[in-house]
Amino acid sequence: MSSESVSNAENESARPSHFIRDIVIQDIQNGKNGGRVHTRFPPEPNGYLHIGHAKSICLNFGLAQEFGGKCNLRFDDTNPSKEETEYVDSIIEDVRWLGFDWDDRMFYASDYFDQLYAWAIQLIKAGKAYVCDLNAEQVREYRGTPQEPGKESPYRNRSVEENLDLFERMRAGEFPDGSRTLRTKIDMASPNFNMRDPVMYRILRAEHHRTGNKWCIYPMYDYAHGESDSIEGITHSICTLEFEDHRLLYDWYVENLGIHAPQQIEFDRLNLTNTVLSKRKLLALVREKYVSGWDDPRMPTICGFRRRGYTPEAIRTFCANIGVSKTNGLIEFGLLEHYLREDLNKRALRVMAVLNPLKVVIDNYPDDLVEHMNAVNNPEDESAGSRTVPFSKVLYIEKDDFREDPPKQYFRLSPGREVRLRYGYLVTCTGVVKNDAGEVVEVHCTYDPATRGGNAPDGRKVKSTMHWVSAAHALDCEVRLYDTLFLEGKDTDDLASAFNPNSLQKKAAKIEPSVKDAAPLTKYQFERVGYFCADKEPGVFNRTVALRDTWAKVEKKTTS
RNA sequence: UGGGAGAUCGUUCAACGGUAGGACAGCAGACUCUGACUCUGCUUAUCGGGGUUCGAAUCCCUGUCUCCCAGCCA
């Protein structure tokens, strides 16, 4: 891992330690593996990467980086019936976007098929593997149950010669799919199912995305994974908790093959509230068109977050701070949003946009005058500079920013009250116009010409500063507001009933002209509203995350 | 009921026989040309029961609960 794109400062900033890091430190101190640290991120190319993978990516690449080691990107492509190059491409793009680099170390388990085959023959010759003629259903029956040991396959004690011959003919394509397997001869009575003569190779005629039709037999995960790790000289093979039971087999293979033995270490996979991180469910959301695609901004995929406006820095900081343990936990989505806002606050350009426009007429402002008010682009970053925003007699403000009958603690615009229009003027509400339904459709104000830019020369204070756009100059745009993918408390096994139909809300909004032709992925803070990001569709802005809204809380509390 | 693993504030991570701490969330203030940001203060936890020890979240025993495993998926 030689990535310079992840700054050392970020790396060193009080990153908490965890048990895997402690193991690595101890191994280095003990001179294990010659003090080398070599990890790998091993995705199966059968889906898009999601935030759970990001945790693993940050862990593996991060550890390598911290201890001067290396981290490989390796595709675990041993099941051609599910894997596609589309997924390979997206995974490469997403890991890069997250800020990591693998130099020339991009591998595929399929790179090792020849070696794996040779080692399988070695195990057959050692009497530790045999060809089994049982079909899938029979294998299951013979496997036994948690309480009862399994039964040995009737083909278990074939001669080495017969096994060699049969295995060679399996590879040559003489037998139909599923008719035979190569099995490891271990222990049908083991309390650990993985040791009850696990299948090493199955016959499977499917075009492989890399090896094409060269093979009709494919190695199983347990056999291929550890051996791939070994070939690459991996020192710490980090995986998730569900593989704990597999460690025994992992160790069995490297030991019986007499090859370099990486250490498998398991950690807890990431779970986030209000979403799903299961490939199967994410695939279903895409296939059944609940979302527009893998990069739908509601998806917890890396590309979904990217399109939504998340930054790699925010995701990395999140991953560095959630910790690594063996507890099956559920992290609050709000924590991710916290690190997101923290990052966006530093980098997003401030801009004014009105999502629910209410017309405001400044009665004493000259009809044809247009003033270009100076506005700061980012108060958190002086180098972001400033821009100018057109001000005129007819404006739009947010409907929520006016109340004809203001509740207690409401200090935005209402009849008789003076507020500041940000970077504009202090204005006082003098009256309203209503429609037949009695709704306020227009607010009338007067302005104080002495307060140009928003400052009162007499030093008088107003309680509220509000955003606005000039009606004649504002651009029309579409704003997409996102809510959680799923309804609170629903079982996501039933997508149809759990899916939140209001997870996407489209709105026609008014926005200041400075954002014209914003490049996709440009990040903004719509002041007082939230962080938004220009979508790949022109004229569309995705709400990345709302700003914290204390008033909404107060109001909710007082009305309920 | 077989095997593997795990239980600490609402959530999450730490404390590695010596004052249970941080982050997020929550609450109360301060500040503010964003009710944002920032700052200050506060509330809240060792799964139960026994033991060992001057001293236990930590060690021992015992119980309880949760997660994973019977794919020719990874």
Side-chain angles (χ1 to χ4, degrees), chain A residues 14 16-18 22 42-44 46 76-79 81-83 132 134-137 139-141 143-150 177-183 190-196 198-204 217-218 220-222 224-225 239-248 266 268 273 279 321-332 334-339 341-342 345-346 350 352 375-376 379-380 409-412 420-424 426 453-456 461-467 525-531 546-555:
Chain A
S17 195
H18 50 76
D22 294 342
E44 181 188 12
N46 69 344
D76 228 330
D77 55 352
T78 55
N79 185 352
S81 63
K82 291 183 177 176
E83 296 150 5
C132 179
L134 259 25
N135 64 30
E137 194 184 331
V139 167
R140 195 181 320 124
E141 284 164 9
R143 192 155 25 226
T145 69
Q147 290 78 31
E148 314 151 31
D177 285 11
S179 62
R180 283 182 163 86
T181 55
L182 180 72
R183 293 230 254 161
S190 172
N192 183 332
F193 277 101
N194 297 299
M195 305 302 272
R196 320 245 267 221
V199 171
M200 274 174 85
Y201 273 91
R202 74 281 214 186
I203 302 173
L204 180 58
I217 58 171
Y218 291 93
M220 297 289 290
Y221 165 85
D222 285 300
H225 193 89
C239 62
T240 43
L241 253 25
E242 67 270 27
F243 292 102
E244 269 175 329
D245 288 340
H246 296 245
R247 191 173 59 234
L248 201 56
E266 312 85 13
D268 60 326
T273 57
K279 277 191 191 176
N321 284 286
I322 51 177
V324 178
S325 72
K326 299 185 71 130
T327 327
N328 262 306
L330 181 62
I331 308 260
E332 289 173 350
L335 185 61
L336 211 206
E337 293 185 324
H338 163 76
Y339 290 113
R341 289 195 187 98
E342 184 179 74
N345 180 48
K346 290 181 293 189
R350 311 293 131 120
M352 291 195 284
V376 173
E380 306 288 327
Q409 295 183 78
Y410 183 91
F411 44 81
R412 274 112 94 147
R420 172 166 38 237
L421 294 177
R422 180 152 228 221
Y423 302 124
L426 263 44
N455 297 302
K461 302 280 187 203
V462 290
K463 286 281 268 185
S464 185
T465 298
M466 299 171 7
H467 63 282
Q525 183 198 97
F526 291 1
E527 293 213 35
R528 302 207 309 135
V529 179
Y531 293 99
L547 248 28
R548 287 184 52 149
D549 190 349
T550 310
W551 163 244
K553 248 189 248 174
V554 171
E555 190 181 30

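The figures here come from the full heavy-atom set of this structure, side chains too, leaving out hydrogens, waters and symmetry mates.
- E83(A) places a side-chain N or O within 3.5 Å of a backbone atom of N79(A) that can act as its donor or acceptor partner.
- Atoms CG (D549(A)) and P (A36(B)) sit 8 Å apart, rounded to a whole Å.
- The glycosidic torsion of G71(B) lies within 90° of 0, which places this base in the syn conformation.
- Rounded to an integer number of Å, the gap from OH of Y339(A) to P of C24(B) is 7 Å.
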Open item on the list: Within the 4.0 Å limit for protein heavy atoms, which parts of nucleotides 7-13 of chain B are touched? Write it as a string from 5' to 3', B for base, S for sugar-phosphate only, - for none.
Closed with: ---BSSS
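- The distance from atom CD of E148(A) to atom P of G2(B) is 13 Å, rounded to the nearest whole Å.
- Annotation: side chain of L241(A) is in contact with side chain of N328(A) (closest heavy-atom distance under 4.5 Å).
- Donor-acceptor pairing under 3.5 Å is lacking for the side chains of N135(A) and E137(A).
- Between C16(B) and A56(B), the distance separating the two P atoms is 15 Å to the nearest Å.
- Taking every heavy atom of both residues into account, R420(A) and T465(A) meet most closely at NE-OG1, 3.1 Å.
- Distance check on atom C1': C13(B) versus A25(B) gives 15 Å, rounded to whole Å.
- The side chain of T145(A) approaches A70(B) more closely than any other nucleotide in the set A70(B), U34(B), G35(B).
- Taking all atoms of both residues into account, the shortest heavy-atom contact from H246(A) to D222(A) is ND1-OD1, 2.7 Å.
- The same atom, C1', is picked in G55(B) and in C68(B); the two are 38 Å apart, to the nearest Å.
- Closest heavy-atom contact between Y201(A) and M220(A): N-CG, 4.4 Å.
- Smallest separation of non-hydrogen atoms from L204(A) and Y218(A): O-CE1, 3.2 Å.
- Residues T78(A) and Y221(A) approach most closely at OG1-N, 4.4 Å, considering heavy atoms.
- Between C69(B) and C61(B), the distance separating the two P atoms is 28 Å to the nearest Å.
- Contact annotation: the side chain of Y423(A) approaches that of V376(A) to within less than 4.5 Å [non-hydrogen atoms, C-beta and beyond].
- Side-chain nitrogen and oxygen atoms of R528(A) include at least one within less than 4.0 Å of the OP1 or OP2 phosphate oxygen of G35(B).
- Between G35(B) and G18(B), the distance separating the two P atoms is 49 Å to the nearest Å.
- Looking at N192(A), its side chain does come within 3.5 Å of a backbone N or O of D245(A) through a donor-acceptor pair.
- Here the closest non-hydrogen pair linking E380(A) and N345(A) is CG-O, 3.4 Å.
- Nucleotides G3(B) and U46(B) are separated by 29 Å at their C1' atoms, to the nearest Å.
- Computed from coordinates, the E337(A) CD to A36(B) P distance equals 16 Å when rounded to whole Å.
- Using C1' as the reference atom, U43(B) and C27(B) are 7 Å apart when rounded to the nearest Å.
- Among the heavy atoms of the strands lying under 4.0 Å from E244(A) are primed sugar atoms or P, OP1, OP2 only; no base atom is included.
- Separating the CG atom of N192(A) from the P atom of A5(B) is a distance of 10 Å, rounded to the nearest angstrom.
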Could you list all N or O pairs between the protein and nucleotides 71-74 of chain B that sit under 3.5 Å apart?
from	atom 1	to	atom 2	distance (Å)
G71(B)	OP2	R140(A)	NE	3.4
G71(B)	OP2	R143(A)	NH2	3.2
C72(B)	OP1	R143(A)	NH2	3.2
C72(B)	OP2	R143(A)	NH1	3.0
C72(B)	N3	G178(A)	O	3.0
C72(B)	N4	L134(A)	O	2.7
C72(B)	N4	A136(A)	N	3.0
C72(B)	N4	G178(A)	O	2.8
C73(B)	OP2	R202(A)	NE	3.0
C73(B)	OP2	R202(A)	NH2	2.9
C73(B)	O3'	R202(A)	NH2	3.2
C73(B)	O2'	N79(A)	ND2	3.0
C73(B)	O2'	K82(A)	NZ	3.3
A74(B)	OP1	T78(A)	OG1	2.7
A74(B)	OP1	R202(A)	NH1	3.3
A74(B)	OP1	R202(A)	NH2	2.9
A74(B)	OP2	Y221(A)	N	2.9
A74(B)	O3'	D76(A)	OD2	3.4
A74(B)	N6	H246(A)	NE2	3.3

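- Atom CD of E527(A) and atom P of U34(B) are 8 Å apart (whole Å).
- Secondary-structure stems of RNA chain B, taken as three or more successive Watson-Crick or G-U wobble pairs (i with j, i+1 with j-1) under a 3.5 Å distance threshold, comprise B:2-7 with B:64-69, B:10-13 with B:21-24, B:26-30 with B:38-42, B:47-51 with B:59-63.
- Using a distance-only test at 3.5 Å, with no hydrogens or angles considered, a donor-acceptor pair links the side chain of R196(A) to the main chain of S190(A).
- Rounded to whole angstrom, the span from the CD atom of Q525(A) across to the P atom of U34(B) amounts to 11 Å.
- Within the 4.0 angstrom heavy-atom criterion, no nucleotide atom of any strand lies near R247(A).
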Please produce a list of atom pairs where a protein N or O lies less than 3.5 Å from an N or O of nucleotides 37-48 of chain B.
from	atom 1	to	atom 2	distance (Å)
C37(B)	O2'	N345(A)	ND2	2.9

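- E342(A) meets the side chain to side chain donor-acceptor pair (under 3.5 Å) test with no other residue; sequence neighbours excluded.
- For the pair L241(A) CG and C67(B) P, the interatomic distance rounds to 13 Å; values are reported in whole Å.
- The base of G3(B) sits within donor-acceptor range of the side chain of D245(A), with an N or O pair under 3.5 Å.
- For U58(B) and A7(B), the P atoms lie 12 Å apart once the distance is rounded to whole Å.
- Salt bridge present: K326(A) and E244(A) bring a charged side-chain N and a carboxylate O closer than 4.0 Å.
- Using a distance-only test at 3.5 Å, with no hydrogens or angles considered, no donor-acceptor pair links the side chain of T240(A) to the main chain of E242(A).
- In this view, S325(A) and D268(A), T327(A) satisfy the side chain to side chain contact (heavy atoms under 4.5 Å, CB included) rule, not counting sequence neighbours.
- Contact annotation for K463(A): no contact, since no heavy-atom pair falls under 4.0 Å across all strands.
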